[in-house]
Amino acid sequence: MLRALMQILRAEFVTSAASRAGFPGEGLPEVAFVGRSNVGKSSLLNKLAQRRALARTSATPGKTRLVNFFRIERRERAPVLFVDLPGYGWARVARKERAEWQKLIEGYLDGRGPLRAVLLLLDARRDPGDDERDFLPWLAERAIPVRLVVTKIDKLNASERDMRLRAITKELGIPREAFVLTSAHTGLGVDALWSEIDALVARGEGAP
Ligand code: GTP
Ligand code: MG
């Protein structure tokens, strides 16, 4: 089968912001990457953009501490902005700093006009915690569409995948079909995720 490979014409860093005042003017549709620190937000963003180091990644949690905006231009598609949000739930961070992160993340998500969808990333090897459980109703209250994205699937064999998926879906009470399984290392699920993103963006533009 011929693979319809997404063609990325340009992928560029737009700006970093430490508060609302630093966000770029509202324009292109935006897709936000949200999840626990180290879950693989920046890695997946890079994989979708077909760039090795557009967003900085690190084995040390807490690499992304600002809201980073990236403009992605594709062939025959409208451009989108990817928004890489700082990871939450990093235990070693002091409570005060944690509160600041939350303020920054919510400051972006709450009331951002062009936001079309949140990708909530979950590490395949971990159970979702209170942060994820509380976040879903928070988004629903604001009518922000969300897609659940399982990351690092390459780290598990087939039976482990099944087991982990069952645990994650049960924990969140959300059916398995709602999850996109991905690996930023192998590229698994990346085309499927682009299709989801396109559908969410189109819906936001008033398409059926
Ligand atoms: P913060 O910026 O700290 O919030 O982290 P992040 O969510 O942006 O994670 P990042 O993309 O920096 O990845 C964290 C670590 O996980 C890095 O060492 C990545 O190489 C690794 N990683 C990310 N995605 C995958 C994946 O799909 N498979 C595997 N095996 N490792 C991954
Ligand atoms: Mg990051």
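Counting starts at 1 for both ligands and their atoms, in listed order. Residues: numbered from 1 along the sequence shown.
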Self-check item: Qualifying residues under ring pair (Phe, Tyr, Trp, His ring centres under 6.0 Å), relative to F33, sequence neighbours excluded
Solution: F82

Practice problem: Run the contact test for S183 against ligand 1 with a 4.0 Å cut-off on heavy atoms, strictly below, and give the result. | Solution: yes

Quiz item: Distance from D154 atom CG to L181 atom CG, nearest 0.5 Å?
Solution: 12.0 Å

Practice problem: Counting heavy atoms only, name the option from S43, P86, G187 that's nearest to atom 24 (N) of ligand 1. | Solution: S43

Exercise. Measure from atom 31 (N) of ligand 1 to every heavy atom in R56, H185, K47 and give the option owning the shortest one.
Key: H185

Heteroatom distance test ([X], ligand 1): nitrogen or oxygen, under 3.5 angstrom:
X: K155; answer: no
X: A184; answer: yes
X: V39; answer: yes
X: K152; answer: yes
X: K41; answer: yes

Quiz item: Side chains of P86 and L66: does their closest heavy-atom pair fall under 4.5 Å?
Solution: no

Self-check item: Note, V39 side chain near L44 side chain (heavy atom, < 4.5 Å)
Solution: no

Self-check item: Contacts of S195 that satisfy side chain to side chain donor-acceptor pair (under 3.5 Å) - sequence neighbours left out
Solution: none

Quiz item: Which is it for D154 and ligand 1 at heavy atoms under 4.0 Å: side chain, backbone, both or neither?
Solution: side chain

Quiz item: If you draw a 6.0 Å radius around CZ in R126, do more than 12 non-hydrogen atoms from other residues or ligands fall strictly inside?
Solution: no

Quiz item: So, is the end of the R74 side chain (NZ or CZ) under 6.0 Å from the ring centre of W194 and within 45° of the ring's axis?
Solution: yes

Quiz prompt | S42 near the Mg ion (ligand 2): N/O/S under 2.8 Å | solution = yes

